[in-house]
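Notes for the one structure printed next.
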Amino acid sequence: MENAPKPLLRALSGEAVWPPPFWLMRQAGRYLPEYRALRAQAGDFIRLCTNPALAAEVTLQPLRRYGMDGAILFSDILMLPWAMGQPLRYAEGEGPLLEPIRDAEGLAKLDPAGAAARLAPIYETVSRVRAGLAQEAPKAALIGFAGSPFTVACYMVEGRGGGEFAHARRMAYADPALFGKLIRLLVDSTTEYLLAQAEAGAEALMLFDSWAGLLSPAQFRRWSIEPSAAIVRNIRKVRPDIPLIGFPRLAGPLLPEYAQRTGVSTVAMDTAMDPRWAATAVPAEVALQGNLDPQAVVAGGAAMEAEARSILAAMRGRPFVFNLGHGIVPPTPPEHVAALARVIRMG
């Protein structure tokens, strides 16, 4: 069964599979009672991400409920700066808090050479999930991921999430040499991180550029497209056939350029993207992924079903993976996700 063609991998590689395969961003997480039980057991979010037994269990939980075609590694994009030695903690109600990097001295404190040892538990999680899928969901594929350099740099410079990441964006304009040095460091370390996930068993890889939409077009090309393209080139040298998904959130009309210039095999649409436009604007050989509004899943019912069917209609006949336009939010009723799965399976 492990060798049977997996619907998600077929779609990510450019095949128009119908009904489309699906998975949901943040499908493992706070909306599930079984996740909340494990989260309480771990005590601390970083401990949960670096406990292979618990993180693997969390990754598999939604597949048991809903039968998704993809399992995405349960982790966080900030595990990479944490592994390089940037102090990180998760405060209740505040999200991630890091010691900000605002100058060359702060950047010099990072230890990319030591990251692999600290990330070893995450690679073990990947191996455990792959083995778990072989037993429990042999047609589901495992997705590894990392944050794109610009988005990770936003947190590293700002020191926290939320807001407009003014310090990071200002550094990109005022001191592009320093900001560029951070981006290049992240290109190299992210390449190593993703290749190690692939070596451990990830069958597809995803780059999350959640804050790319904050950039002007020129800055978007410089700090989102170019670093992502470098990572894709680096990975392709070692793993030429592994599907790569890029998610440049709020890229708007720059989505086709991102798809073409980065070389990703699939580009993910955010909630604001018109799928009918994307279906014709993005090259036909590049798969699309997305893009139901997570709040529609909270609402459920006829409104959710109508939105989902509209996306399905726009995507019929081209390579496509059904997903959300951003991550599932905590108030989502689990039964609404089950109803969405039924709509998708009907095509």
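Positions are given from 1, in the same order as the sequence printed here.
- Note that CZ of Arg221 and CG of Leu215 are 11.5 Å apart. Values are rounded to the nearest 0.5 Å.
- In this structure, the side chains of Arg345 and Phe322 stay at 4.5 Å or more apart for every pair of heavy atoms.
- A heavy-atom distance below 4.5 Å is found between the side chains of Leu8 and Ile143.
- Annotation for Val267 and Val286: closest pair N-CG1, 4.0 Å, computed over non-hydrogen atoms.
- When all heavy atoms are compared, the tightest approach of Val343 to Ala308 is CG1-CB, 4.1 Å.
- Looking at every heavy atom in both residues, Ala287 comes nearest to Ala11 through CB-O, 3.4 Å.
- No side-chain heavy atom of Pro294 sits under 4.5 Å from any side-chain heavy atom of Arg26.
- When every heavy atom of Ala198 is checked against every heavy atom of Ile242, the shortest pair comes out as CB-CD1, 3.7 Å.
- For Glu15, the CD atom is densely surrounded, since the number of other residues' heavy atoms within 6.0 Å is greater than 12.
- Remark: the backbone N or O of Ala268 is not paired with any side-chain donor or acceptor of Asn323 at under 3.5 angstrom.
- Side-chain contact between Pro81 and Leu88 is absent, with no heavy-atom pair separated by less than 4.5 Å.
- Atoms CZ and CD, on Arg170 and Glu158 in that order, are 8.0 Å from each other to the nearest 0.5 Å.
- The backbone N or O of Asp241 sits nowhere less than 3.5 Å from a side-chain atom of Arg236 that would complete a donor-acceptor pair.
- By the 6.0 Å contact criterion, CZ on Arg276 is open, its count of non-hydrogen atoms from other residues, nucleotides or ligands being 12 or less.
- Salt bridge Arg128/Glu124: present, at least one basic N to carboxylate O contact under 4.0 Å.
- At a threshold of 4.5 Å between non-hydrogen side-chain atoms, the residues Trp23 and Asp69 do not count as touching.
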Side-chain donor/acceptor pairs under 3.5 Å, residues 328-342, sequence neighbours excluded:
{"residue": "Thr332", "atom": "OG1", "partner": "Val329", "partner atom": "O", "Å": "2.7"}
{"residue": "His336", "atom": "ND1", "partner": "Val297", "partner atom": "O", "Å": "2.9"}
{"residue": "His336", "atom": "ND1", "partner": "Val298", "partner atom": "O", "Å": "3.0"}

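- Side-chain contact between Leu244 and Leu207 is absent, with no heavy-atom pair separated by less than 4.5 Å.
- In this structure, the side chains of Pro248 and Leu255 come closer than 4.5 Å at one or more pairs of heavy atoms.
- Using a cutoff of 4.0 Å between basic side-chain nitrogens and carboxylate oxygens, Arg65 and Glu34 are scored as salt-bridged.
- One finds the CG atom of Leu205 at 10.0 Å from the CD1 atom of Ile72 (value rounded to the nearest 0.5 Å).
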Identify each donor-acceptor pair in which a side-chain atom of residues 145-156 lies under 3.5 Å from a protein atom, sequence neighbours left out, and give them as a table.
{"residue": "Thr151", "atom": "OG1", "partner": "Asp209", "partner atom": "OD1", "Å": "2.6"}
{"residue": "Thr151", "atom": "OG1", "partner": "Ser210", "partner atom": "N", "Å": "3.0"}
{"residue": "Thr151", "atom": "OG1", "partner": "Trp211", "partner atom": "N", "Å": "3.0"}
{"residue": "Tyr155", "atom": "OH", "partner": "Trp211", "partner atom": "NE1", "Å": "3.0"}

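- With salt bridges taken as basic N to acidic carboxylate O contacts below 4.0 Å, one links Glu57 and Arg64.
- Ring pair Phe74/Phe45 is perpendicular by interplanar angle, where above 60° counts as perpendicular and below 30° as parallel.
- Across all their heavy atoms, Thr125 and Pro52 have their closest contact at OG1-CA, 3.2 Å.
- When side chains are defined from C-beta on, Arg39 does not count as touching Leu54, because their heavy atoms never get closer than 4.5 Å.
- Tyr90 and Pro96 get closest at one heavy-atom pair: CE2-CB, 3.7 Å.
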